[in-house]
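The structure appears right after this line, and notes come after that.
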Amino acid sequence: RLANAEQSVAQHKYRILDPRIAKNGGGGCRYIWDGTVLGLKSAREVSMMLSRVCDSLYSLSPVIRNELVNKRLISSQAAAARRLIVNALNDTDTIMVDRFGIQGYPPERSVYESIIAQSGMHVAKNNTYKLIAPVKDAPTKLRPAWDYIEKLVYANRDVPLNLRELYDELAKPPYGVLEGLMPILITAFYAVNRDEVSLYAEGTFLPMPSEAHFELLLRRPELFSISGTRICGIRKKIIERLGKSLQTETKILSVVRRLYAMMNSLTKYARETSSVSERTQRFRKAFFDAKSPEKLLFKDVPESLGIGEILVSESAVNTYDQFFKRLNESLKELSEALPKLIFESRKILLLSCGFENSEEGWRSLYDKSSFLLSRIGGTDICPFLQNIVNTSGDWEKADAVMSYIQQMPISKWGVIQIAEFKKNASGVGERFKAAARPYDFVSEQLSRQELNEAAKLQHKFHKLCDEGCDFISLSHF
């Protein structure tokens, strides 16, 4: 019954839209376009008229001769092919290879040929390939839609453009881009302009979008936003200096990505410690809370450094110099945070064990540990002694000993571990001194002059060992 009803409704609709008069089986429908009665007489003429109307309405629509993706709804096979092309567009190494490295003729090959190749977007240069904007006279006619995307993305707006809104705009006349094509077009636009265009996931800036991000974009475009930035004035000078210093392109996204790489390479301690200045703490927070690269560099970071937003019209030399002075100070302070922690922790450990805070003090701790290790094996202090011995007397390797005491790499210490270390080092130091006490009687029987001579002999002995002497006789002394 349902099938019969649906067929009856379809036939009724067809009769209503039929321009023929009723006695000839039609509905006598009149068609008017742009204020003119067209006087159509057959269904064939209606079809031809609708085709002309669509050509007029969607005059800038892309011409993509691929039935896999140039649809509103695509099959699972087409979706898999589209996903591979999108992932290839986001991979700079794959872009440099002819046909994105596709071998044979799988479905993704037809997608590549009909969209990327036919648009002239993948070109060879100096024995490699690069991605460019669609050629203006390409048979795919992608350039008008591309230019419209550029206009929308680079428009001056308070918030990034949501991809769902962008899709809706592209679907309207005169572009009429179909849903199946849009992710490829947007990803290609991002790949070509990645130094000036930012991608956001749920409002969070993605300095380096991953394959997983683009796979989610294919399914949930409404979760993503996009924005573009072109820089001028003092802002351009700042980007140029940062690009030169960081040895990257003088584009805002290139600079921000390199800065993010620097900040992400910081140790856990440097990212969390409160031992740095308040200004540096504000700078660090502004960086990791960033929502936009332009806002980060010209508003959030300058304000965290106590300078204030750097406006496009800004021209003061003092602002420019002060920005870099304070930026470098904060970056230096963060990079030195871990070495300072190691220095302070090493000092605590040496003093707890009864030695001065110096290279010679560490060497003395090493000598005493080597002496004790061969005599008190099996006691609970032995693992500590072994870790000291493993440094070979080099106090630059002391971080391994501190990490052993805390049972955690020092680079991952937080406030709790730092507080605990003072207590743990004191306990280890007491056990070390207790283990060494039975062997300290020699020093008590030597005069100051004899102690000095012993120290000189010890220094000469270590020097000979460092020079690699296989046999040491009394004549060396």
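Heads up: numbering here begins at 1 and tracks the sequence.
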Any donor-acceptor N/O pair, [X] side chain to [Y] backbone, under 3.5 Å:
X      : Y      : result
Arg99  : Arg109 : no
Asn193 : Phe189 : yes
Ser47  : Arg44  : no
Asn90  : Val86  : no
Arg284 : Ala270 : yes
Asp399 : Ile410 : no
Arg326 : Leu305 : yes

Would you say that [X] contacts [Y] through its side chain, given a criterion of any heavy-atom pair below 4.5 Å between the two side chains?
X      : Y      : value
Thr92  : Arg194 : yes
Pro173 : Tyr58  : yes
Phe288 : Asn264 : yes

Specify the closest pair of heavy atoms between [X] and [Y], including all atoms of both residues, with the distance to one decimal.
X      : Y      : value
Gly203 : Tyr200 : O-CD2, 4.2 Å
Ile252 : Leu297 : CG1-CD1, 4.0 Å
Val97  : His122 : O-CE1, 3.0 Å
Val276 : Gln281 : O-NE2, 3.0 Å
Pro221 : Asn162 : O-OD1, 4.5 Å
Trp413 : Met402 : CZ2-O, 3.5 Å

Walk me through it: do Glu179 and Arg164 pass the test salt bridge (Lys or Arg N to Asp or Glu O under 4.0 Å)? CA-CA 10 Å; Glu179 186 86 10; Arg164 176 46 63 189; 3.0 Å; yes
Matching residue for Arg279 among Glu329, Glu303, Glu333 - test: salt bridge (charged side-chain N to carboxylate O under 4.0 Å, His left out):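 With Arg279 as partner, Glu329, Glu303, Glu333 yield a single salt bridge (charged side-chain N to carboxylate O under 4.0 Å, His left out), made by Glu329.
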Heavy-atom neighbours of Gln77 CD exceed 12 at 6.0 Å: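 No, CD of Gln77 has 12 or fewer neighbouring heavy atoms, counting only those of other groups under 6.0 Å.
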Nearest 0.5 Å please: distance from the [atom1] atom of [X] over to the [atom2] atom of [Y].
X      : Y      : atom1 : atom2 : value
Leu334 : Phe283 : CG    : CZ    : 6.5 Å
Arg30  : Leu38  : CZ    : CG    : 10.5 Å
Thr187 : Ile85  : OG1   : CD1   : 11.0 Å

Do Arg241's NZ or CZ and the ring of Phe324 fall within the cation-pi criteria of under 6.0 Å and 45°?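 Yes, Arg241 lies over the aromatic ring of Phe324.
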Salt bridge or not between Lys151 and Asp147? Use side-chain N to carboxylate O under 4.0 Å. no
Taking Glu294 first and then Arg157, would you say they form a salt bridge - that is, a charged N and a carboxylate O separated by under 4.0 Å? no
Only one of Leu218, Val111, Leu181 forms a side chain to side chain contact (heavy atoms under 4.5 Å, CB included) with Arg82, so which one is it? Leu218
Under the criterion side chain to side chain contact (heavy atoms under 4.5 Å, CB included), which of Thr94, Ile186, Ile116 is the partner of Leu89? Ile116
Indicate the ring-plane relationship of Tyr112 and Phe100, choosing parallel, tilted or perpendicular according to the 30° and 60° boundaries. perpendicular
Is the Phe214 ring parallel, tilted or perpendicular to the Tyr190 ring (thresholds 30°, 60°)? tilted
Leu253 and Arg257: side chain to side chain contact (heavy atoms under 4.5 Å, CB included), yes or no, with the steps? CA-CA 6 Å; Leu253 264 296; Arg257 287 192 188 100; 3.6 Å; yes
Sequence neighbours left out, what passes side-chain hydrogen bond (donor to acceptor under 3.5 Å, both in side chains) with [X]? Give chain and number order.
X      : value
Glu67  : none
Lys41  : none
Ser119 : Thr140

Apply salt bridge (Lys or Arg N to Asp or Glu O under 4.0 Å) to the pair Glu309 and Arg235, showing each step before the final yes or no. CA-CA 11 Å; Glu309 182 178 1; Arg235 292 184 171 188; 3.8 Å; yes
Among side-chain atoms of Tyr154 and Glu196, is any donor-acceptor pair under 3.5 angstrom? yes
What verdict does the side chain to side chain contact (heavy atoms under 4.5 Å, CB included) test give for Met262 and Leu246, after you've listed the backbone C-alpha separation in whole Å, the side-chain angles of each residue and the deciding distance to 0.1 Å? CA-CA 10 Å; Met262 287 177 58; Leu246 298 170; 3.5 Å; yes
Does Leu166 form a side chain to side chain contact (heavy atoms under 4.5 Å, CB included) with Phe224? I'd like the steps, not just the answer. CA-CA 11 Å; Leu166 179 56; Phe224 292 82; over 6 Å; no
